[in-house]
Amino acid sequence: MRADLLLDDIDGLDEALAAVDGFDASLVGGLLRPQPGQADGPAGLAAAVAGTPLAARVAEAAEKTVAGAGDEEHFVALAAARTALLGAVHDALVLRVDEAVGRPAADGTADPSAEAGAADASAPAPNLMAAARSWLCDLARAGWRGVDHDLVGGAAPVVSAMLADPALRRVATLLDGFAAELAACCPGAALERVPVRRWADLWSRALLLTLPGAAAAPATGSATGRLLPLGVDVHEHATAVQAQVHAVFEPAGGGAPRLVRASVSAPKPDTVVGAGLWQLLRPHMSLLAAVGEGRAVELAGMPVTAEGDLLWDDACARTGAEADVFATARVALPAAAAYAVAPLDRHPARIAVPVLVEGYRVREEAGGPEEDGGVVLDLAGCRLRVDADRVPAAGPLTPKAVTASGACLGLLRWDAGEFLLQPLAVERTARGKSVAVHAGAWAGGTTDKAGVRAEKAATDAVTVLRERAGKLLRK
C-alpha cells in the first residue's frame with residue numbers, strides 16, 4: 001500500500017469542509033433571526049455549490065435564510081447542498097484510498113447483476129413526512145442553543161405514528177434517536193459543548209429522508225458464488241448491537257470479485273457486554289459461525305442490494321471449505337471492487353474500506369495501548385494511526401496484539417482530518433509460527449478461557465432478565 005498517498009492533500013477538500021462547518025455553526029444559534037456572524041454560513045454553502053445544478057435554488061435559500069424568511073423549501077435546499085458537499089468529500093477520499101491500495105474504483109453505477117426492482121418513488125404517509133419536516137424546520141429556526149423539552153417533545157407523536165408502518169421505520173428510528181439526544185441535552189442554552197457536526201448530520205439526513213422516494217427500499221438482485229469473510233465490525237449501543245461482516249464475493253462462473261457486507265442486529269440489555277453479545281446475534285445469522293471457524297460460505301440466490309449489502313437468508317447459504325483470512329486479503333482483496341454508494345450514504349464518516357497493511361514498524365504514542373491505544377504503524381516513514389477505540393471487547397484482538405503484529409487486516413476510515421486503521425485481524429509470529437488473531441474469532445463460539453467466562457456471565461444475566469420479565473408478564 002502506498003501510505004504516502006493517504007497523507008497528501010486533496011484539492012478542494014479543506015474548502016468543502018470549511019463551507020460545511022460554516023453552515024453547521026449557523027445552526028447552533030438558529031436560523032430564525034440569524035446574527036451577523038451567522039450569515040456567512042448559508043452564504044458560504046451557496047458559494048461552494050455555485051457551479052452545480054443546485055446553484056440557483058441554494059443561492060435563493062441562503063438569501064431568504066439570512067433575511068430571516070427561510071421556509072421549509074429553503075431549508076431542504078440548504079440540507080441538500082450540505083449533503084452534496086460531504087458526498088463530494090466522501091468520493092474524493094475513497095478515490096484516494098483506491099489509488100493508495102491499487103484497487104479498482106467503484107464504477108459509480110448500480111451492479112449490473114441487480115435485477116429490476118426499482119423502489120416506488122411515491123412517499124408513504126405524506127402527512128407524517130410533512131409533519132416530520134415541519135418539526136425539523138422548527139429545530140433549525142431555534143438552533144441547538146434554543147432547543148427545550150417542549151420543542152423536542154414535538155417529535156414524539158410523529159415518531160409514534162411512523163413506527164406503526166414498516167415502510168417508515170428507517171425515518172422514524174433516525175428521528176427518535178435524534179430527539180432522544182436533544183432531550184438528554186436540554187436546555188440547549190446550558191450546554192458547555194455542542195456536537196455541531198453530528199447534530200447537523202442528523203438534521204440534514206433526516207430532512208432529506210422525508211422527501212418523496214428518498215427513504216424507499218433499494219433495488220435488489222441476487223448473488224450466487226463464494227463468499228470469503230474478511231472480518232467482523234461490531235457496533236455496540238447500550239440497548240442494541242450489530243455485527244457487520246466484511247467479505248469478498250466471487251461470482252459463480254467467473255466475473256470480477258466484489259466487496260460486500262452482511263449485517264445482523266439485535267436488541268440487548270445493557271448488562272450484556274463483551275463476548276456475551278454473540279449469544280444475541282448467532283441465532284439470526286449462520287455466517288457468524290463460518291467467520292469463527294475460518295470458513296468460506298457458498299451462496300445461492302442470496303439477495304443483495306445495489307450497494308453491496310447482503311440481505312442475509314440462511315436458506316441461501318451453505319458453509320464451505322476453510323478460507324484463511326490473510327490468504328483472502330493477499331489474493332482476492334486487491335482485485336475486489338466496491339459497489340456504488342447511494343447518494344444519501346456518501347459521507348466521510350461512513351468510509352470503511354478493507355485493506356491489508358504489511359511491512360510496518362509499530363510505534364506507541366504517549367499513553368500506550370494499555371491506556372488509550374496510541375498505536376501508530378510506520379510504513380516507510382509514513383504514519384498510520386490505529387483506531388484502537390473501535391477494537392471490540394467481544395473478541396481476543398487487543399491493541400497489544402497489534403503492537404506485536406507484522407500484518408494487519410483492517411478497515412481504513414477517515415476521522416478528524418486523517419485516515420485511521422481499525423484492525424479486524426492481525427498476523428504475528430509466536431514460537432516460530434505465524435499466528436492470526438481475529439476480532440471475530442469468538443463469533444461462532446469459543447474455548448478461550450476469557451471468552452467462556454464472558455459468555456457464562458452473559459448467559460446468567462439473560463436468564464435472570466428473562467425470569468424477571470416472565471414474572472412481570474404474569475402479573
Side-chain angles (χ1 to χ4, degrees), residues 83-84 86-119 170 205 213-233 235 242-265 285 287 296-297 299-313 316-317 328-329 332-356 409-414 422 424:
T83 301
L86 288 173
V89 171
H90 167 278
D91 292 351
L93 291 170
V94 170
L95 181 60
R96 178 58 56 87
V97 172
D98 290 338
E99 292 174 355
V101 300
R103 185 176 302 156
D107 56 16
T109 60
D111 178 43
S113 69
E115 299 174 359
R170 180 186 183 191
R205 182 173 179 81
T220 60
S222 62
T224 298
R226 185 170 66 158
L227 187 71
L228 300 169
L230 293 169
V232 185
D233 183 17
H235 308 149
Q242 180 187 66
Q244 188 175 64
V245 180
H246 291 260
V248 174
F249 170 64
E250 296 180 333
R258 305 298 295 264
L259 290 173
V260 296
R261 300 171 298 271
S263 303
V264 58
S265 305
M285 191 165 72
L287 177 59
V297 179
L299 305 183
M302 180 70 72
V304 59
T305 71
E307 294 184 54
D309 288 296
L310 299 173
L311 306 180
W312 196 262
D313 182 354
C316 302
T328 299
L333 181 58
Y339 281 76
V341 181
L344 288 184
D345 292 337
R346 292 163 57 241
H347 190 290
R350 294 178 63 90
I351 294 174
V353 183
V355 296
L356 176 65
L409 172 62
L411 298 176
L412 200 59
R413 297 185 178 275
W414 192 84
Q422 174 193 342
L424 297 178

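Any value given below was found using the heavy atoms of this structure, including those in side chains, with hydrogens, waters and symmetry copies removed. Values in this document were obtained by computation on a predicted structure and should not be read as measured data.
- The side-chain heavy atoms of L333 and L409, taken from C-beta on, include a pair separated by under 4.5 Å.
- When all heavy atoms of M302 and L310 are compared, the closest pair comes out as CG-CD2, 4.1 Å.
- A salt bridge is defined here as a Lys NZ or Arg NE, NH1 or NH2 lying under 4.0 Å from an Asp or Glu carboxylate O, and D98 with R103 fails to meet this definition.
- In plain terms, the two heavy atoms of L287 and P229 that are nearest each other are CD1-CG, 4.3 Å.
- Minimum interatomic distance between E250 and P257 (heavy atoms only, all atoms of both residues): CG-CB, 4.3 Å.
- Using a 4.5 Å heavy-atom cutoff, the side chains of M285 and V245 are in contact.
- Contact between A336 and P104 at its shortest, heavy atoms only, is O-CD, 4.4 Å.
- R258 places a side-chain N or O within 3.5 Å of a backbone atom of A338 that can act as its donor or acceptor partner.
- Between the CD atom of Q244 and the CZ atom of R261 there is a distance of 6.0 Å, given to the nearest 0.5 Å.
- Annotation: side chain of L230 is in contact with side chain of V248 (closest heavy-atom distance under 4.5 Å).
- Rounding to the nearest 0.5 Å gives a distance of 11.5 Å between CG of D309 and OG1 of T220.
- Although no hydrogens or angles enter the test, the distance criterion places no donor-acceptor pair under 3.5 Å between the side chain of R346 and the main chain of H90.
- Note that the CG atom of L411 and the NE2 atom of H246 stand 4.5 Å from one another [nearest 0.5 Å].
- Summarising the geometry, atom CG belonging to L86 is positioned 11.0 Å from atom CG belonging to D91; distances are rounded to the nearest 0.5 Å.
- Contact check for L344 versus R205: side-chain heavy atoms found under the 4.5 Å cut-off.
- Nearest heavy atoms, A306 versus Y339: O-CD2, 3.5 Å.
- Nearest approach of A317 to L299, heavy atoms of both residues: CB-CD2, 4.1 Å.
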V94/I351 under side chain to side chain contact (heavy atoms under 4.5 Å, CB included): CA gap, chis, key distance, verdict: CA-CA 7 Å; V94 170; I351 294 174; 4.0 Å; yes
